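Taking it in order: structure first as structure tokens, then the write-up.
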Amino acid sequence: MIKEKIISDLKSCMKFLKLEYNENFTVETPKNTDHGDLSTNIALVSSKLNRANPRIIAEKIAEKLVKKRDYKKVEVAGPGFVNFTLANSILHAALQTIVSTPNYGASDFGKKEKILIEFISANPTGPLNIVSARAAAYGDTLCRIMNYVGFHAIREFYINDAGNQVDILAESLELRFREILGENIGEFPLEAYHGEYVKELAHLLNSTEGSKLLHFPEKDRLERIKKFALKEIHSMQVNSLTKFDVNFDSWVSERALRSQGILEEALSYLAEKGYTYESEEAVWFASSQLGDEKDRVLIKSDGNPTYLVPDIAYHLTKFQRGHQTLIDVLGPDHHGYVPRLKAAINALGYDENALEVVFLQQVNLFEDGEQVKMSKRAGKIVTMDELIDDVGKDAARFFFINRKPSAHLNFDLELAKKKSSENPVFYCQYAYARISSIIEKAENENITITTEDINLKLLRKLNKPNELLLIKKMISLGAVLNLIAEKREPHHLAEYTHELATMFHKYYQKHKVVTKKSRDTTKARLYLISAVKKILAITFDLMGISAPEKM
RNA sequence: GCGCCAGUAGCUCAGUUGGAUAGAGCAUCGGCCUUCUAAGCCGAGGGUCUGGGGUUCGAAUCCCUACUGGCGUGCCA
């Protein structure tokens, strides 16, 4: 709001000075605090239009605007920047807004745009792994933030429960089952699933179905086993996600799509538009006409569809359900696959730009300075559950959110477990707990603040540089959240939270909140830190981590 | 070969889309507890933003190029 005010002040000022201005000028928070609270390049970008030296234009603007009561200082610097320092009163009024606004930082920025965020979408063939955990933290946090700033975003999990992998799972499970019943199964096949969970499932299968299962004909038997495994593993995955505070709004099963005939529907649309042809006994998608590097097979020569068909069909349903923007969160090994999917979206008559793909890079776990090897084959994957049990939900979520998605993530297990300042999660939560403890102390001394107490006159007590910095930081929350939503980069929130916590810790060190000197000062400061507490609670909630009153 | 992503302090990473003296955390070194939680704070050292060109008032950021690393390039999913 303050930024908008400066923009309008600048525009009317330029009009008053009879100067042209380039609409592309910006008003930004400078990195260097010596350059004021907000800074504009309007004189620089408008110098050509007026055939005048940017510095001279800047001087004129500053001279005019410095008279306004809202600005403590308006200065010209460098080649022609105009730097504004805000008056304390504006900041105090903003502080009141922070405390009185229920969801501070929320907005209608997203204009209710319908967004579908698809993430994890792991094969239902085993426990969720570390990469899934990263995707979970990323997708869930992004979704929370987007909804907070006015988007209509939902989380969706696509269950690949119809492919080859699921058949192998059923076969693996049957072997383990037979093993339990005392059969000699020989060497366990290399391509089968080796994880311990398969053995556990086999025991469960034995206790629910028992040996009568073997009397079924092979096809029925495997189908029964498959259904059982899918159900169990699904609930296993849901369980892990729930522990991680990730709740999907929607689950879509590939098997269900197939049985509803969506695949045929998608294929017939493609054929209708003339994008399919037959060759070498297979049906091809002419995706190279639509930007893909070559054509792709849709129906294999054996008559079965490739994985591309259900994927196209699935994305078709996303559009049919009315979503305007589709965000797919995928692993790095899928990037070759995006052009063909976009080609399909195009062929189906939708806008390919509606599909945005975020690639999450891999996660490397480190312990004792050494990388923890993960091998699927040996069944030694470190699972999401193990990670949560080991370092806790808060640390895991924070560490995952802390990095931008396109960067490889080195996850230091020891650091995440440390309960000290080295660990950024505890650092942030500690700030929150400290505030709680101060407020409690004040209450014990019968000092409480009520809305009637607080007015601009009282808030004048807040004039220390650290106090003003805290208010400015809190004001910027909305802009940070909008930026995150727009760029799909929740890692800025972890950064923001850490910075706010730092400012509070510094303030705490330098100034006593509950001070004997002045009751008014105490009240004003309590008001300030309760605002910080509120903002921290908001960011914690958006990141899905807890806000501890005591530590 | 072609395509995508990345290369910033000893390490892990930010850098608000082209702004002013490139920033954090960890690690290292030196200080601060009779005072609301020291799970904290203050200070110091540490940089050819991978190299080279270009675009302009201005480049870590945009373009070209070379190098290095990761991944992709199936009638696998």
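None of the values given here were measured: they were computed from a predicted structure. Residue numbers start from 1 in every chain, and the chains themselves are labelled A, B, ... in the order their sequence lines are given, proteins ahead of strands.
The pair E293(A)-R340(A) does not meet the salt-bridge criterion, since no charged nitrogen lies less than 4.0 angstrom from a carboxylate oxygen. At a threshold of 4.0 Å, the pair R434(A)-E549(A) does not count as salt-bridged, since none of the basic side-chain nitrogens sits closer than that to a carboxylate oxygen. Comment: E28(A) does not engage K3(A) in a salt bridge, judged by the lack of any side-chain N to carboxylate O separation of less than 4.0 angstrom. In summary, E156(A) and K318(A) do not engage in a salt bridge, as defined by a charged side-chain N under 4.0 Å from a carboxylate O.
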Close N or O pairs between protein and nucleotides 33-35 of chain B (under 3.5 Å):
unit_1  : atom_1 : unit_2  : atom_2 : d
rU35(B) : O2'    : K512(A) : NZ     : 2.4

Give each protein N/O atom lying under 3.5 Å from an N/O atom of nucleotides 20-24 of chain B, with the pair distance.
unit_1  : atom_1 : unit_2 : atom_2 : d
rA20(B) : N6     : S39(A) : OG     : 2.5
rA20(B) : N6     : N83(A) : OD1    : 3.0
rA20(B) : N1     : N83(A) : OD1    : 3.4
rA20(B) : N1     : N83(A) : ND2    : 3.2

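Here, rG46(B) and rG23(B) have their P atoms 14 Å apart, quoted to the whole Å. With P as the reference atom, rC29(B) and rC4(B) are 46 Å apart, rounded to whole Å. On the P atoms, rA20(B) is 10 Å away from rA59(B), given to the nearest whole Å. Nucleotides rC11(B) and rU16(B) have their P atoms positioned 23 Å apart, rounded to a whole Å. Between rC57(B) and rG25(B), the two C1' atoms lie 36 Å apart (nearest whole Å). Comparing the same atom, P, in rG10(B) and in rA6(B) gives a spacing of 23 Å after rounding to whole Å. Distance noted for atom P between rC49(B) and rA60(B): 8 Å (whole Å). With C1' as the reference atom, rU48(B) and rG52(B) are 12 Å apart, rounded to whole Å.
A side-chain N or O of E467(A) and one of Y507(A) form a donor-acceptor pair less than 3.5 Å apart. Using a 3.5 Å distance cut-off with no hydrogens or angles, the side chains of H234(A) and Q237(A) do not pair a donor with an acceptor. A side-chain N or O of T502(A) and one of Y427(A) form a donor-acceptor pair less than 3.5 Å apart. Donor-acceptor pairing under 3.5 Å is recorded for the side chains of R397(A) and T141(A). Inspection of the N160(A) and Y307(A) side chains reveals no N or O donor paired with an N or O acceptor under 3.5 Å. Side-chain contact annotation: H315(A) with D328(A), donor-acceptor N/O pair under 3.5 Å present.
Between K294(A) and rG74(B), a side-chain N or O to OP1/OP2 separation shorter than 4.0 Å is present. OP1 or OP2 of rU37(B) sits under 4.0 Å from a side-chain N or O of S437(A). The shortest distance between the side-chain N/O atoms of Y430(A) and the OP1/OP2 oxygens of rC41(B) is not below 4.0 Å. In this structure, R55(A) does not reach the rC57(B) phosphate: none of its side-chain N or O atoms is under 4.0 Å from OP1 or OP2. Contact annotation: Y508(A) reaches the phosphate of rA38(B) (side-chain N/O to OP1 or OP2, under 4.0 Å).
The nearest heavy atom of RNA chain B to L44(A) and to K550(A) marks one nucleotide each, and the one closer to the 5' end goes with L44(A). Looking at which nucleotide of RNA chain B each of E28(A) and N160(A) is closest to, the 5′-most match is held by E28(A).
Rounded to an integer number of Å, the gap from R296(A) CZ to rG74(B) P is 7 Å. Rounded to an integer number of Å, the gap from CD1 of I401(A) to P of rC13(B) is 17 Å. Going from atom CD of E254(A) over to atom C1' of rA77(B) covers 9 Å, rounded to whole Å. For the pair K510(A) NZ and rC41(B) C1', the computed distance is 11 Å after rounding to whole Å. In this structure, CD1 of I484(A) is placed 14 Å from P of rU17(B), rounded to the nearest angstrom. Separating the CE atom of M551(A) from the C1' atom of rU37(B) is a distance of 10 Å, rounded to the nearest angstrom. Counting to the nearest Å, the C1' atom of rC76(B) and the OH atom of Y337(A) are 14 Å from each other. Distance, N482(A) CG to rU17(B) P: 13 Å, rounded to whole Å.
The minimum heavy-atom distance linking C428(A) with H498(A) is given by the pair SG-CA, 3.7 Å. D453(A) and K523(A) make their closest contact through OD2-NZ, 3.0 Å (heavy atoms, listed as atom of the first residue, atom of the second, distance). The two atoms that bring L526(A) and A442(A) nearest to each other are CD1-CB, 3.7 Å, heavy atoms only. The two residues L230(A) and P124(A) come nearest to each other via the heavy atoms CD2-CG, 3.6 Å. For the pair I145(A) and I484(A), the tightest heavy-atom approach, listed with the atom from each and the gap, is CD1-CG2, 3.8 Å. Contact record, N83(A) with A77(A): ND2-CB, 3.5 Å, taken as the closest heavy-atom pair.
A heavy-atom distance below 4.0 Å to RNA chain B is reached by these residues of residues 485-495 of chain A, ordered by number: K487(A), H491(A), H492(A), E495(A). Looking at residues 522-533 of chain A, you'll see that no heavy atom sits under 4.0 Å from any atom of RNA chain B.
For the atom pair L469(A) CG and M474(A) CE, the distance stands at 10.5 Å (nearest 0.5 Å). Between L355(A) atom CG and K342(A) atom NZ the span is 5.0 Å, to the nearest 0.5 Å.
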Which letter, B, S or -, goes with each nucleotide of nucleotides 1-7 of chain B from 5' to 3', with contact meaning a protein heavy atom under 4.0 Å?
--BBS--
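A side-chain hydrogen bond (donor to acceptor under 3.5 Å, both in side chains) with S518(A) is found for exactly one of T522(A), T521(A), D520(A), T515(A), namely T521(A). No option in D394(A), V425(A), L387(A) other than V425(A) meets the side-chain contact (heavy atoms from CB on, under 4.5 Å) test with F399(A).
The strand RNA chain B forms stems, runs of 3 or more Watson-Crick or G-U wobble pairs with distances below 3.5 Å, at B:1-7 with B:67-73, B:10-13 with B:23-26, B:28-32 with B:40-44, B:50-54 with B:62-66.
The listed nucleotides are rC36(B), rC41(B), rC75(B); the one nearest the side chain of I438(A) is rC36(B). Looking at the side chain of N41(A), the nearest of the listed nucleotides rC36(B), rU37(B), rG19(B) is rG19(B).
Note on A433(A): a base of the nucleic acid sits closer than 4.0 angstrom, heavy atoms only.
The base of rA77(B) sits within donor-acceptor range of the side chain of Y307(A), with an N or O pair under 3.5 Å. Below the 3.5 angstrom threshold, one finds a donor paired with an acceptor across the side chain of S301(A) and the base of rC75(B).
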Decide side-chain contact (heavy atoms from CB on, under 4.5 Å) for I471(A) and L528(A); before the verdict, give the C-alpha distance in whole Å, the side-chain angles of both, and the deciding distance to 0.1 Å.
CA-CA 8 Å; I471(A) 299 173; L528(A) 173 69; 3.7 Å; yes
